[in-house]
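Shown next, in structure tokens, is the structure this report addresses.
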Amino acid sequence: MKANADLNAVAKRDAKRANAAARRKDLVAATKTRVKALAAKIPAMAKNRPSGVGIGLRLQFAEELVSTKATNASFVEIAPENYLGVGGYRARLLAMAKERWPVVCHGLCGDLAGAAPLDQEYLTELKQFLRDADVHWYSDHLCYTHLAGVETHDLIALPLHEGAVRRAAKRIREVQSFLELPMAIENVSAYMRMPGSEMREEDFVAAVVREADCHLLLDINNVYVNSINFGFDAKSYVDALPLERVLQIHIAGHHRESEDLLIDTHGASIADPVYDLLCYTLRKMAAVPPILLERDSNIPPLIEIEQELETLRICVEQCHARA
Amino acid sequence: MQELEQALRDLVFKRDPAWLVGIAKERQLVYRRLIHNNLYDVIISLLPLTYHFAGAEKFRQWIATWLEEQGPKQRMYWMIPVEFAAWLMENIVSENLLLAELAHFEAMQQCAENAPNTHLSCKLGIYYHSVHLISDENSTLPLKLERPIFLLIYRADETVRWLEIEPQVAQLLAKLAEGASLKESLDSLSELYADLDRAYLTAQLAGLSHRGLVSISETHPRDESAVYS
Ligand SMILES: [Fe+2]
């Protein structure tokens, strides 16, 4: 009887092991299927994903940057509006940049909540351009860029209300689906609250991200600039954002025009409170997204930009280590 | 939101702005100032000679009028001065032909510089002044010519250059640009010039083609905005 009982116990144990092995096999197979399905959803995420700190490619220093041996930039950002359909010198610089770094494309004229219909011809050209640039996502600003038939070549705040949320979300969804790329929208600097506004800006941004099912390009300097211009707490603003949706961060310098008015110039070094806000934000995030330094006016020699990139890199490392 | 866009356009671009109610005027002025400065800067930097000879005041007046009446329509930043120059051609040509031509010539240089690599960069300009000889060191400006000159403006080795061509060659290029074949173009010119030297013109065209300035088989890229008379 004892032998039978032992045999039964062994048989039970073997059956248990076989079941466990089968479950593991199923689990492995299921995981593989899930990974495959996930990979199919994000086909372009395979190689050359931007990370670390990067710089906006400006003609003033592009030639020097693409040919320098050592740089602190680990990716570069361009505006398709400056390169699309363009040959010659610019095309060569872009080709050299693409050889060297991951390139991120950041639109300037998306007019993501505007009244004018989406420009399908432009979007078709843009889609090809983004494919050629091998990008992982596309970003543009959550603002007006076009005003009743005029291309302003600037970023104008939207009225913060539900109607604008719906309008922006619908257009972002359309653009995102047409481009077949994840899209990130950027919070913009603002100088007045548009008529009809009835939401906090951070709630507006979060609502658009949620409703459009898109990502966020979080511009830390813009948050700080607006916190002074409208007198709110920048950290509370960050607290209200869906930080898990942040694909990229922008950081830049600004100009203090008066006690309660900052202008987002991208023409100076990053101010200390903006570094602090960056650090605060990074400590709340699970991983550090790629961080881009924007320098678009009053552009110093490349060596100074490199120094600022180095400062930024160290700051990011320290913030993250502390987190 | 459509109404708000129109109100913002009026606020930003009208010479006598229509201020929004309930918002501090100095904040509204920030948008106006930033947008204007950005547009003025790119136009002045890419049409420097026109700006120099027109003088700051007149040139800024022209930009302000353009912004109020029309403004930029395209997304490409470098196209802003090109669009403005096209507007100048239509709006100041009667009282200031020289500066309109100079703006056009500078704009065509931008077009040639940025033309896609897949197309020839060549643009044709027809001018009653020797705009290609003007520099900011000129103390006097060229006088009006009796007959127009024909300039091909093109890019070679990332540098913009120009080449003066003969009127008949320019006319031939214009016919080709319209889509006519070489034979059709020469036939139609023969109707204008009894003594047309077809062999000479064909050789001139072959020379331009050989230098990569024009393509005989394909008639692009002389976009129509680049050709005026
Ligand atoms: Fe930004």
Side-chain angles (χ1 to χ4, degrees), chain A residues 59 79-93 95 107-111 113-116 119 122 125-126 144-159 161 163-164 167-168 189-196 229-230 257-258 260-261 263-265 296-297, chain B residues 1-13 20-39 41-42 66-80 83 110-121 155-160 221:
Chain A
L59 281 188
E81 286 88 342
N82 290 332
Y83 292 89
L84 209 158
V86 169
Y89 178 63
R90 278 179 203 239
R92 178 172 63 80
L93 289 175
L108 299 173
C109 300
D111 202 37
D119 182 343
Y122 176 74
E125 287 173 29
L126 177 65
Y144 288 125
T145 57
H146 186 100
L147 290 179
V150 181
E151 209 58 68
T152 64
H153 295 273
D154 222 311
L155 311 170
I156 300 150
L158 294 169
H161 55 58
R167 172 90 187 147
S189 49
Y191 307 103
M192 63 191 199
R193 248 172 105 77
M194 289 297 165
N229 292 351
F230 300 106
E257 196 149 299
S258 66
D260 63 351
L261 180 61
I263 307 287
D264 176 31
T265 54
D296 300 326
S297 65
Chain B
M1 285 181 77
Q2 224 159 338
E3 282 154 34
L4 178 59
E5 276 194 37
Q6 187 60 55
L8 289 168
R9 178 178 169 173
D10 293 347
L11 164 70
V12 172
F13 293 121
L20 300 173
V21 181
I23 298 169
K25 200 169 151 185
E26 57 270 27
R27 292 299 183 97
Q28 301 189 48
L29 273 168
V30 174
Y31 276 111
R32 205 176 144 85
R33 169 165 51 99
L34 292 179
I35 294 170
H36 277 250
N37 285 351
N38 181 33
L39 296 171
D41 284 353
V42 67
W66 173 60
L67 290 177
E68 186 168 35
E69 290 179 2
Q70 185 178 314
K73 302 287 175 203
Q74 304 212 30
R75 292 164 188 252
M76 304 295 153
Y77 194 59
W78 65 269
M79 278 296 291
I80 298 168
E83 289 185 77
Q110 284 304 309
C111 292
E113 183 172 339
N114 292 315
N117 292 340
T118 47
H119 291 53
L120 297 175
S121 63
R155 182 180 79 223
D157 302 327
E158 295 183 2
T159 304
V160 175

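Not measured: the values here are computed from a predicted model. Below, chain A is the first sequence line, B the second, and so on; all start at residue 1.
The line from SG of A:Cys109 to CG of A:Leu126 is 11.0 Å long, rounded to the nearest 0.5 Å. To the nearest 0.5 angstrom, A:Thr152 atom OG1 is 6.0 Å from B:Phe13 atom CZ. To the nearest 0.5 Å, the span separating CG on B:Leu8 from CZ on B:Arg32 amounts to 12.5 Å.
The choice from B:Gln6, B:Arg155, B:Met79 that makes the most heavy-atom pairs within less than 4.5 Å of chain A is B:Arg155. The most heavy-atom pairs under 4.5 Å with chain B, out of A:Leu147, A:Asp119, A:Leu261, come from A:Leu147. Interface remark: of the candidates A:His146, A:Arg193, A:His153, A:His153 forms the most heavy-atom pairs closer than 4.5 Å to chain B.
The shortest side-chain heavy-atom distance between A:Leu59 and A:Leu93 falls under the 4.5 Å cut-off.
Residue pairs meeting the salt bridge (Lys or Arg N to Asp or Glu O under 4.0 Å) criterion with at least one partner in residues 147-156 of chain A, sequence neighbours excluded, are absent.
Proximity to chain B is limited to the side chain of A:Tyr144, based on heavy atoms less than 4.5 angstrom apart. If you measure heavy-atom distances from B:Arg75 to chain A, the contacts under 4.5 Å come from both the backbone and the side chain. Residue A:Leu108 does not touch chain B at all, counting heavy-atom pairs closer than 4.5 Å. Interface residue B:Leu20: only side-chain heavy atoms are found under 4.5 Å from chain A. No part of B:Leu29 comes within reach of chain A, as not one of its non-hydrogen atoms sits under 4.5 angstrom from that chain. There is no contact between A:Tyr83 and chain B, counting heavy-atom distances below 4.5 Å. Only the backbone of B:Glu113 comes within contact range of chain A, judged by heavy atoms closer than 4.5 Å. Of the atoms belonging to A:Asp264, not a single heavy atom falls under 4.5 Å from chain B. Looking at A:Ala190, both its backbone and its side chain come within 4.5 Å of chain B, counting heavy atoms on both sides. The contact between B:Leu4 and chain A is made entirely by side chain atoms (from C-beta outward), counting heavy-atom distances below 4.5 Å. No part of B:Glu83 comes within reach of chain A, as not one of its non-hydrogen atoms sits under 4.5 angstrom from that chain. Looking at B:Ile80, only its side chain comes within 4.5 Å of chain A, counting heavy atoms on both sides. Contact of A:Ser189 with chain B is made through the backbone alone, with heavy-atom distances under 4.5 Å.
In this model, a donor atom of one side chain and an acceptor atom of the other lie less than 3.5 Å apart for B:Tyr77 and B:Asn38.
Contact detail for B:Glu5 and A:Ala115: the closest heavy-atom pair is OE2-N, 2.6 Å.
Using a cut-off of 4.0 Å between Lys/Arg side-chain N and Asp/Glu carboxylate O, B:Glu26 and B:Arg33 are scored as not salt-bridged. Electrostatic pairing of B:Glu158 and A:Arg92 counts as a salt bridge here, judged by a charged N lying under 4.0 Å from a carboxylate O.
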A:Leu84 vs A:Tyr122, test: side-chain contact (heavy atoms from CB on, under 4.5 Å). Steps then yes/no. CA-CA 10 Å; A:Leu84 209 158; A:Tyr122 176 74; 3.8 Å; yes
